[in-house]
A.B. asks: 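The following block contains the structure, expressed as structure tokens.
Proteins come first, then strands; the chains are lettered A, B, ... in the order of their sequence lines, and each starts at number 1. Keep in mind that the numbers below use all heavy atoms, side chains included, and drop hydrogens, waters and symmetry copies.
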Amino acid sequence: MPGYYDISDILMEDEAVSVVFHVGANGVGLLDPGTETNSVEKGAKIDLPFWLAHELCRRRAVSITIPSCFGQKMKKDVQADAACVDLGTRYPYFYEFGCKLFPLVGDKSIGPFLRHTFANRYKEMLSKSHTASLNAIPKFVLRLSKEEYQLFEAARSSMVEFKKWRVRDLGLMKTTIVGHKRKTDLH
Amino acid sequence: MAGQTDHSLSIFSAAEVEFIAEDEMIEIVPNIRMDALNLLCGDFGPFVPQIPCTVPLWLAVALKKRGKCSIRTPDWMSVEKLTQVLEAERESPREFQPLPFHYVEISRLLLDHAHDDIPEVYMVRSLIEDIRNVRFHKVESGLETISGRTHAVKLKNLSAMEVNLVRPFMARVLQAFYKHDSPEMVQQADTSASKRPQVVDRGPRRDLRPR
């Protein structure tokens, strides 16, 4: 588990999940925009940030419904082509969120689903991240979740640093090295 | 998830690996007379003109820059040997050929500073580039077969600079796979997640070359 101070963890826990209240709650009518009194009815469906839902779920006051990012539509998308699913803009915290959500929700297929998604996307990422150059940001980077983006950054920065080291003292001799274009190069 | 935001996974920069590589010994032919050098790492010399002797690479490069010696290329850096290695690399798609551990750094230093001492320097340079590219593509294609069960990845005969290149990426990937594959996440044995070709799983170690 990442630490208390981890920024991406804090941001991730701000994602909204839809929950169903098991008990009535007084004084928190703020949470439910459709209520007249200052309280939440039992059985109401509300969107809460994940950190709140997590705690309430532990005390068995609510039950969490699976958000759409792990639902049937997403599963179909992933089966069609995992690498094209746009996790960067829609669900940047896809994997971390899934890992946290998994023990709280009854659906046991989330775990293998996450791993399957990651494994498929990883193979695509592998070659592209190593050949990506410093300036051009390939379009697929925008589709990566935060975690995948860190992998990509690690690979790319080490490649870039190596290339810089290679041509460091050469000056005019650079052209003899930068020769052969391979078909996996991304431009 | 600890370590996902750890930016210090790349432990050595390229320049640091080069620095370590400069400790390798190499043969030079001095053209001046000099007394023995008594250094902490060893004693070298005395240097007599035209008598070859063995010194560390950093010393060789320093003497060469001052025009006091000429460097003899190591055996593995001849055109014939390199061509052989390149052919062998292209033929065996999963094995790496044995090469000196620091061949990238040594060749770069020699090609930079001593290119007049190397016969057919352009040929040598392009051969080494090709060898490096072929090996790196092998590493990449080998990495594709990592599954969730991989605990360690063994790459035999990989050189120092190549290892340093893939180290941060591989470490994070293994961490990510481990996190996703931890026991509370996987309920069934193996059946759910394999839609890609399943490679033979030898248990705790996954070699990137066949035994």
A.B. asks: Heavy-atom count check: over 12 atoms from other residues, nucleotides or ligands less than 6.0 Å from Asp116(B) CG?
C.D. replies: yes
A.B. asks: Where do Phe136(B) and Met159(A) come nearest, in terms of heavy atoms and distance?
C.D. replies: CZ-SD, 3.9 Å
A.B. asks: Could you walk me through whether Ser13(B) and Glu161(A) pass the side-chain contact (heavy atoms from CB on, under 4.5 Å) check?
C.D. replies: CA-CA 8 Å; Ser13(B) 74; Glu161(A) 202 214 341; 3.1 Å; yes
A.B. asks: So with a 6.0 Å cut-off around NZ of Lys45(A), is the heavy-atom count from everything else above 12?
C.D. replies: no
A.B. asks: Quick check: are there more than 12 heavy atoms from other residues, nucleotides or ligands sitting under 6.0 Å from CE of Met25(B)?
C.D. replies: yes
A.B. asks: So, taking the atom named CZ in Phe152(A) and the one named CZ in Arg172(B), what distance separates them when rounded to the nearest 0.5 Å?
C.D. replies: 13.0 Å
A.B. asks: What are the two closest heavy atoms between Phe169(B) and Leu151(A), and how far apart are they?
C.D. replies: CD1-O, 3.3 Å
A.B. asks: Taking all non-hydrogen atoms of both residues into account, name the closest pair between Arg166(A) and Arg132(B) and its distance.
C.D. replies: NH1-NH2, 3.0 Å
A.B. asks: What donor-acceptor contacts under 3.5 angstrom involve side-chain atoms of residues 47-64 of chain A, with partners at least two apart or in another chain?
C.D. replies:
| unit_1 | atom_1 | unit_2 | atom_2 | d |
| --- | --- | --- | --- | --- |
| Glu55(A) | OE1 | Arg58(A) | NH2 | 3.0 |

